[in-house]
Number of protein chains: 2
Amino acid sequence: MPTRPTPPPRTATAPPAASSPRVPRRRSYDQFCAAARALDAVGDRWTLLIVRELLAGPRRYTDLHVDLPGVSTDVLASRLKDMERVGLTVRRRLPAPVSAYVYELTPRGHGLLPVLTALAGWGAPELTDPRPTDAVRAHWLALPLRRSLEREDWRGVVEVRLDEGEFHVRVGADAGEPVYGEGAAPEGTAAARLELDVGTCLEICRGLLSVADAVRDGRVNVKRSTA
Amino acid sequence: MPTRPTPPPRTATAPPAASSPRVPRRRSYDQFCAAARALDAVGDRWTLLIVRELLAGPRRYTDLHVDLPGVSTDVLASRLKDMERVGLTVRRRLPAPVSAYVYELTPRGHGLLPVLTALAGWGAPELTDPRPTDAVRAHWLALPLRRSLEREDWRGVVEVRLDEGEFHVRVGADAGEPVYGEGAAPEGTAAARLELDVGTCLEICRGLLSVADAVRDGRVNVKRSTA
DNA sequence: CGGCATCCGTGACGATACTG
DNA sequence: CAGTATCGTCACGGATGCCG
């Protein structure tokens with residue numbers, strides 16, 4: 001093993017330089033490792049969940065705050081600032097009538113989709129029933145469902161109707177477009193529509209049931225658009 | 001959206017019910033979302049980097065502490081405890097001569113490999129030169145390199161020799177075995193050996209250069225074992 | 001009213017010292 | 001060697017205030 005040049009052993013003798021004008025001193029792992037570099041950028045609490053929301057398209061501050069229950073206002077503001085600094089997002093002024101800002105992923109930020117997909121795939125087995133304290137949004141199921149659909153070679157925008165709500169998800173073809181969203185798909189974009197109950201959806205997300213089998217068993221109602 | 005009943009605004013006069021016996025109250029996002037569930041388990045600082053080290057095989061406390069520069073002893077101990085509680089790791093007593101403990105991934109913990117791979121893939125573009133403050137370990141390159149090799153359909157244990165150090169990595173065939181490690185591969189397991197310089201290795205990790213091209217240009221020296 | 005900034009209490013984190 | 005104990009600092013979460 002190569003001897004490591006002991007990095008300047010920051011001894012305690014270096015007090016945090018309490019005066020130096022303002023060194024925000026972003027906390028870094030300081031490791032020459034790709035995963036550590038990634039975690040330097042997105043490892044802070046809430047950051048990846050903000051990305052999850054922005055994968056649905058540009059969002060305003062208040063919308064983000066509503067769909068991220070539990071985040072405090074200052075942390076959300078701080079994260080959005082950090083993310084812009086790091087190049088994950090841009091802050092854009094909406095055009096004419098509304099004078100508001102939206103936050104939007106850059107291509108670099110959009111590139112985190114595989115990370116969230118992997119996380120969702122790993123976390124899906126624990127999606128059984130919502131705990132009493134859990135917040136619920138229909139489009140949060142899009143991430144794991146998309147993974148299952150992609151593995152069965154689905155492509156295009158799929159509309160999903162559950163009793164509890166509706167969402168849509170874009171499978172494959174990863175340009176910069178929104179990956180999913182609450183509610184029905186934009187007019188005319190849907191390649192297929194699925195109707196199923198939440199239990200079935202969760203089994204598919206957890207990989208216990210293939211979409212093909214679920215369709216065959218009549219647990220999923222499929223309508224394909226005339227393409 | 002359902003209006004949420006504003007919870008009784010506990011004024012500062014209400015001490016946090018200091019009596020309830022001991023609710024450690026693990027911090028959770030409390031969202032019915034697969035990615036949020038995953039982050040509940042592995043979203044804490046250092047956790048995924050500990051998994052990164054354990055993907056190299058069972059490790060003792062001190063070894064982990066050495067290969068995770070910057071982590072403090074108490075945080076490392078706390079994380080290992082949490083990870084065991086959540087089922088990511090087990091603590092095992094080494095058999096006869098040495099009386100020591102090792103920490104080892106469970107299958108569930110090993111299942112985080114795709115997450116780390118995705119993170120490494122996203123973070124690799126920022127692997128240019130080590131910053132002066134960066135710690136360096138040869139096997140940290142295994143994660144992104146493995147991803148590149150896998151995309152070019154390599155399989156088996158590949159030994160990698162850089163001027164600065166040597167490591168090996170198991171590509172494909174994801175059982176529970178160690179995925180990579182510092183130094184040469186265990187005797188007789190190597191399917192191939194690569195000799196290259198760090199710059200070339202980084203270009204491959206960043207996806208700027210295919211292994212095939214690098215071999216053709218003579219930037220990589222390949223020796224395949226007689227299989 | 002949307003978009004933050006500020007203040008405050010608690011808990012997580014990081015460094016060091018200490019112990020079985 | 002393998003952690004635990006202690007302590008200062010900072011990040012987080014909740015509420016509230018300000019400002020266009």
OP1, OP2 of [N] versus side-chain N and O of [X]: anything below 4.0 Å?
{"X": "B:Trp46", "N": "C:dG14", "answer": "yes"}
{"X": "B:Arg79", "N": "C:dC13", "answer": "yes"}
{"X": "A:Arg27", "N": "C:dG14", "answer": "yes"}

Can you sort out the partners of [X] under side-chain contact (heavy atoms from CB on, under 4.5 Å), two or more places apart, ordered by chain and number?
{"X": "B:Asp63", "value": "B:Arg59, B:Arg60"}
{"X": "A:Pro186", "value": "A:His168, A:Thr189"}
{"X": "A:Glu104", "value": "A:Pro58, A:Val90, A:Arg92"}
{"X": "A:Cys205", "value": "A:Pro144, A:Leu145, A:Cys201"}

Mind calculating the distance between [atom1] ([X]) and [atom2] ([N]) to the nearest angstrom?
{"X": "A:His65", "N": "C:dG3", "atom1": "NE2", "atom2": "C1'", "value": "11 Å"}
{"X": "A:Ile50", "N": "C:dC4", "atom1": "CD1", "atom2": "C1'", "value": "14 Å"}
{"X": "A:Leu49", "N": "D:dG13", "atom1": "CG", "atom2": "P", "value": "11 Å"}
{"X": "B:Asp67", "N": "D:dA2", "atom1": "CG", "atom2": "P", "value": "14 Å"}
{"X": "A:Arg92", "N": "C:dG3", "atom1": "CZ", "atom2": "C1'", "value": "17 Å"}
{"X": "A:Asp82", "N": "C:dC4", "atom1": "CG", "atom2": "P", "value": "14 Å"}
{"X": "A:Leu80", "N": "C:dA5", "atom1": "CG", "atom2": "P", "value": "11 Å"}
{"X": "A:Asp44", "N": "D:dA11", "atom1": "CG", "atom2": "P", "value": "9 Å"}

Using atom names, set out every protein N or O paired with an N or O of nucleotides 4-7 of chain D below 3.5 Å, distance rounded to 0.1 Å.
from  : atom 1 : to      : atom 2 : distance (Å)
D:dT4 : OP1    : B:Lys81 : NZ     : 3.1
D:dT4 : OP2    : B:Lys81 : NZ     : 3.3
D:dT4 : O4     : B:Thr73 : OG1    : 2.9
D:dT6 : O4     : B:Asp74 : OD2    : 3.4

| request: Rounding to 10 degrees, work out the angle separating the end axes of the helix from C:dC1-D:dG20 to C:dG20-D:dC1 (five pairs an end). | output: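 Inter-axis angle at the termini of the helix from C:dC1-D:dG20 to C:dG20-D:dC1: 30°.
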| task | Tell me which nucleotide among C:dC13, D:dG3, C:dG2 gets nearest to the side chain of A:Thr62. | result |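 Side chain of A:Thr62 sits closest to C:dG2.
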| Check: A:Leu68 main-chain N/O paired with A:Arg137 side-chain donor or acceptor under 3.5 Å | no
| query | Just by distance, do the side chain of B:Tyr180 and the backbone of B:Leu141 share a donor-acceptor pair under 3.5 Å? | reply |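 The answer is no, because no donor-acceptor pair under 3.5 Å joins these two groups.
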| Does a side chain donor of either A:Glu53 or A:Trp140 reach within less than 3.5 Å of an acceptor in the other side chain? | yes
What does the list of N/O pairs under 3.5 Å between the protein and nucleotides 18-20 of chain D look like, with a distance for each?
none

Taking only residues two or more places apart in sequence or in another chain, which ones pass side-chain hydrogen bond (donor to acceptor under 3.5 Å, both in side chains) with [X]?
{"X": "B:Glu203", "answer": "B:Arg219"}
{"X": "A:Tyr103", "answer": "A:Arg91"}
{"X": "B:Ser72", "answer": "B:Asp74"}

| Nearest-nucleotide 5' precedence on DNA chain D, A:Arg45 against B:Arg60 | B:Arg60
| request: Write out all pairs satisfying ring pair (Phe, Tyr, Trp, His ring centres under 6.0 Å) with one or both partners inside residues 53-91 of chain A, taking only residues at least two apart or from two chains. | output: none
| message | Listing request: all side-chain hydrogen bond (donor to acceptor under 3.5 Å, both in side chains) pairs with a residue in residues 110-130 of chain A, at least two apart in sequence or in separate chains. | response | A:His110-A:Asp174, A:Glu126-B:Arg108
